[in-house]
Student: 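Pasting a structure here, questions to come.
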Amino acid sequence: MTYVVAEYRTMNKIVITVFLLNYTIHAYSQIPFGIKGGVNRNDIVIENAPFLPIGLYQPNVGFHVGLFGEVRVFKLRFHPELLFVQRGANSHIYLQGSLNPASESRINLNYIELPVMFSLYKIRSLALETGPTLSYKISAKEISDNGKKDVTGRFNKPFDFGINFGLKVQIYSRVSIVGRYYHGLLSVLQFPSISPNTFPSSSLTNIQVGLHYLLKN
């Protein structure tokens, strides 16, 4: 029965991903579009959870890659995007009085992400960006010296929603460098029931640096 449920959930993820790809490719064929990719500095921010070990999560490095569209209205540009984004953090647990971690692992949270960005060009080659992002989690893995294991039970929220702020610098007619900060607004971590007066929360954050290449003007 467990195997059937797992297969059903996997099929649902595949169907949703294929639908998003088909929709985005069709939409981008009507407007200027391009490809993008780069690296992320990821972290999982924990608040109001004193029962968790100190230094449980620390930043790691991931990547993002995908497509973007561009709709121009005077100095304002509207950018729908479809991305694969690797988020997460490193998990470090320290023993009391020790400066070295007793255990260490890498948490990879992989998402299909739909940012909707608005760019305002203050000058010809420099733009300020902001906009919301809706993300769908396709996998959650923990990698350590003992191998790889699924941690979907710990990170059991299928969706994340957050806000982006960034800066874009156009270096050639088709190429731009983009720096962006993302902060998730939903708690993605499953916490134990400790006390009715305790309200722990967790949010995903990352700093992205990447390149945009416009394929179609």
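What you see is a predicted model, and the numbers here were worked out from it, not measured in a lab. Start at 1 with the first residue, then count along the sequence.
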Student: Give a yes or no on whether Val116 and Val71 share a hydrophobic cluster (residues Ile, Leu, Val, Met, Phe, Trp, Tyr; joining criterion: side-chain heavy atoms under 4.5 Å apart).
Tutor: yes
Student: Could you see if Tyr181 belongs to whatever hydrophobic cluster contains Leu185? Use Ile, Leu, Val, Met, Phe, Trp, Tyr and a side-chain cutoff under 4.5 Å.
Tutor: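 No, Tyr181 does not connect to Leu185 through the hydrophobic network.
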Student: Do you see a donor-acceptor pair shorter than 3.5 Å between the side chains of Asp43 and Thr205?
Tutor: no
Student: Check whether any side-chain heavy atom of Val209 sits under 4.5 Å from a side-chain heavy atom of Arg180, and report yes or no.
Tutor: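 Side-chain contact under 4.5 Å: no.
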Student: Checking one residue: Val61. Which other hydrophobic residues are in its cluster under the side-chain 4.5 Å linking rule?
Tutor: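 Reading the cluster by chain and number, Val61 sits alone, since nothing else belongs.
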Student: Going by the rule ring pair (Phe, Tyr, Trp, His ring centres under 6.0 Å), which residues pair with Phe84 if we only count those two or more places apart in sequence or in a different chain?
Tutor: Phe63
Student: Show the nearest heavy-atom pair for residues Ser119 and Ala127, with the distance to one decimal.
Tutor: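 That would be CB-CB, 4.2 Å.
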Student: Distance check, rounded to the nearest 0.5 Å: Leu114 atom CG versus Ser135 atom OG?
Tutor: 7.5 Å
Student: Any idea which heavy atoms bring Leu204 and Tyr111 closest together, and the distance?
Tutor: CD1-OH, 3.5 Å
Student: Could you report the tightest heavy-atom contact between Gln208 and Asn40, atom names first, then the distance?
Tutor: CG-OD1, 3.4 Å
Student: Mind checking side-chain hydrogen bond (donor to acceptor under 3.5 Å, both in side chains) for Ser176 and listing every partner two or more places apart, or none if nothing turns up?
Tutor: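 Expected list: none.
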Student: Tell me if the CZ atom of Arg41 is crowded by more than 12 foreign heavy atoms within 6.0 Å.
Tutor: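 12 or below, so no.
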Student: According to a hydrophobic-cluster definition based on side-chain heavy atoms being under 4.5 Å apart (Ile, Leu, Val, Met, Phe, Trp, Tyr only), do Ile35 and Val169 belong together?
Tutor: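 Yes, it is one cluster - the side chains of Ile35 and Val169 are joined through contacts under 4.5 Å.
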Student: Taking the side chain as every heavy atom from C-beta outward, state whether Leu211 and Ile177 have any pair of such atoms under 4.5 Å apart.
Tutor: yes
Student: If you measure from CD on Gln58 to CG on Asn60, what distance do you get to the nearest 0.5 Å?
Tutor: 10.5 Å
Student: Would you say Lys168 and His79 are linked by a side-chain donor-acceptor pair, where the criterion is simply a distance under 3.5 Å?
Tutor: yes
Student: Hey, which of Leu82, Val85, Leu134, Leu83 is the one that makes side-chain contact (heavy atoms from CB on, under 4.5 Å) with Ile112?
Tutor: Leu82
Student: Between atom CZ of Phe78 and atom CE of Met117, what is the distance when rounded to the nearest 0.5 Å?
Tutor: 11.0 Å
Student: Could you pull out all residues at least two apart from Glu113 that satisfy salt bridge (Lys or Arg N to Asp or Glu O under 4.0 Å)?
Tutor: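 With sequence neighbours excluded, Glu113 shows a salt bridge (Lys or Arg N to Asp or Glu O under 4.0 Å) to Arg87, given in chain and number order.
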Student: Would Asp160 and Tyr182 count as a side-chain hydrogen bond (donor to acceptor under 3.5 Å, both in side chains) if you check the C-alpha gap in whole Å, the side-chain angles of each, and the deciding distance to 0.1 Å?
Tutor: CA-CA 11 Å; Asp160 189 30; Tyr182 170 85; 2.7 Å; yes
Student: Quick one: CG on Leu109 to OG1 on Thr152, what's the gap to the nearest 0.5 Å?
Tutor: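 If we round to the nearest 0.5 Å, Leu109:CG and Thr152:OG1 are 9.0 Å apart.
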Student: Show the nearest heavy-atom pair for residues Gly153 and Asn156, with the distance to one decimal.
Tutor: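 Closest pair (atom of Gly153, atom of Asn156, distance): O-CB, 3.8 Å.
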Student: With rounding to the nearest 0.5 Å, note down the distance linking CZ in Phe68 to OH in Tyr213.
Tutor: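 The CZ atom of Phe68 sits 10.5 Å away from the OH atom of Tyr213.
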Student: Would Lys36 and Glu70 satisfy salt bridge (Lys or Arg N to Asp or Glu O under 4.0 Å), going step by step from the backbone distance to the final call?
Tutor: CA-CA 12 Å; Lys36 62 173 294 186; Glu70 184 173 278; over 6 Å; no
Student: Can you measure from NE2 (His64) to CG (Asn42) and round to the nearest 0.5 angstrom?
Tutor: 10.5 Å
Student: Sequence neighbours excluded, which residues qualify as side-chain hydrogen bond (donor to acceptor under 3.5 Å, both in side chains) partners of Arg106?
Tutor: Gln86, Asn108
Student: Go through it in stages, so that I can follow the logic: the residues are Lys157 and Lys137, the test is side chain to side chain contact (heavy atoms under 4.5 Å, CB included), and I'd like the CA-CA distance, side-chain angles, deciding distance and then a yes or no.
Tutor: CA-CA 8 Å; Lys157 308 298 175 60; Lys137 180 166 57 62; 5.8 Å; no
Student: Determine, using the 4.5 Å side-chain heavy-atom cutoff (strictly less than), whether Ile138 and Phe159 are members of one ILVMFWY cluster.
Tutor: yes
Student: Donor-acceptor pair, Ser202 side chain versus Ile46 backbone, under 3.5 Å?
Tutor: no
Student: Could you tell me whether the side chains of Asn110 and Tyr136 share a donor-acceptor contact shorter than 3.5 Å?
Tutor: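 Short answer, no.
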Student: Do Phe118 and Leu128 pass the side chain to side chain contact (heavy atoms under 4.5 Å, CB included) test, and can you show the C-alpha distance, the side-chain angles, and the key distance before you say yes or no?
Tutor: CA-CA 8 Å; Phe118 297 89; Leu128 302 176; over 6 Å; no
Student: Taking all non-hydrogen atoms of both residues, which atom of Pro132 and which atom of Ile163 are closest, and how far apart?
Tutor: N-CD1, 3.9 Å
Student: Are Ser203 and His183 close enough that some pair of their side-chain heavy atoms sits under 4.5 Å apart?
Tutor: yes
Student: Check the pair Phe155, Leu189 against side chain to side chain contact (heavy atoms under 4.5 Å, CB included), reporting the backbone distance first and the verdict last.
Tutor: CA-CA 5 Å; Phe155 299 92; Leu189 187 62; 3.4 Å; yes
Student: Got a donor-acceptor contact below 3.5 angstrom from the Arg174 side chain to the Leu214 backbone?
Tutor: yes
Student: Verify the cluster assignment for Val151 and Tyr57: are they in a single hydrophobic cluster under the rule of side-chain heavy atoms below 4.5 Å apart?
Tutor: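 In one cluster with Val151: Tyr57, yes.
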Student: Under the rule for salt bridge (Lys or Arg N to Asp or Glu O under 4.0 Å), what residues qualify as partners of Lys149, not counting sequence neighbours?
Tutor: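 Partners of Lys149 under the salt bridge (Lys or Arg N to Asp or Glu O under 4.0 Å) test: Glu142.
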Student: Could you go through Val178 and Leu167, starting from their C-alpha distance and side-chain angles, then the distance that decides it, and tell me whether this counts as side chain to side chain contact (heavy atoms under 4.5 Å, CB included)?
Tutor: CA-CA 6 Å; Val178 179; Leu167 185 68; over 6 Å; no
Student: Run the salt-bridge test on Lys141 and Asp150 with the 4.0 Å N-O cut-off and return the result as yes or no.
Tutor: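 So Lys141 pairs with Asp150 through a salt bridge.
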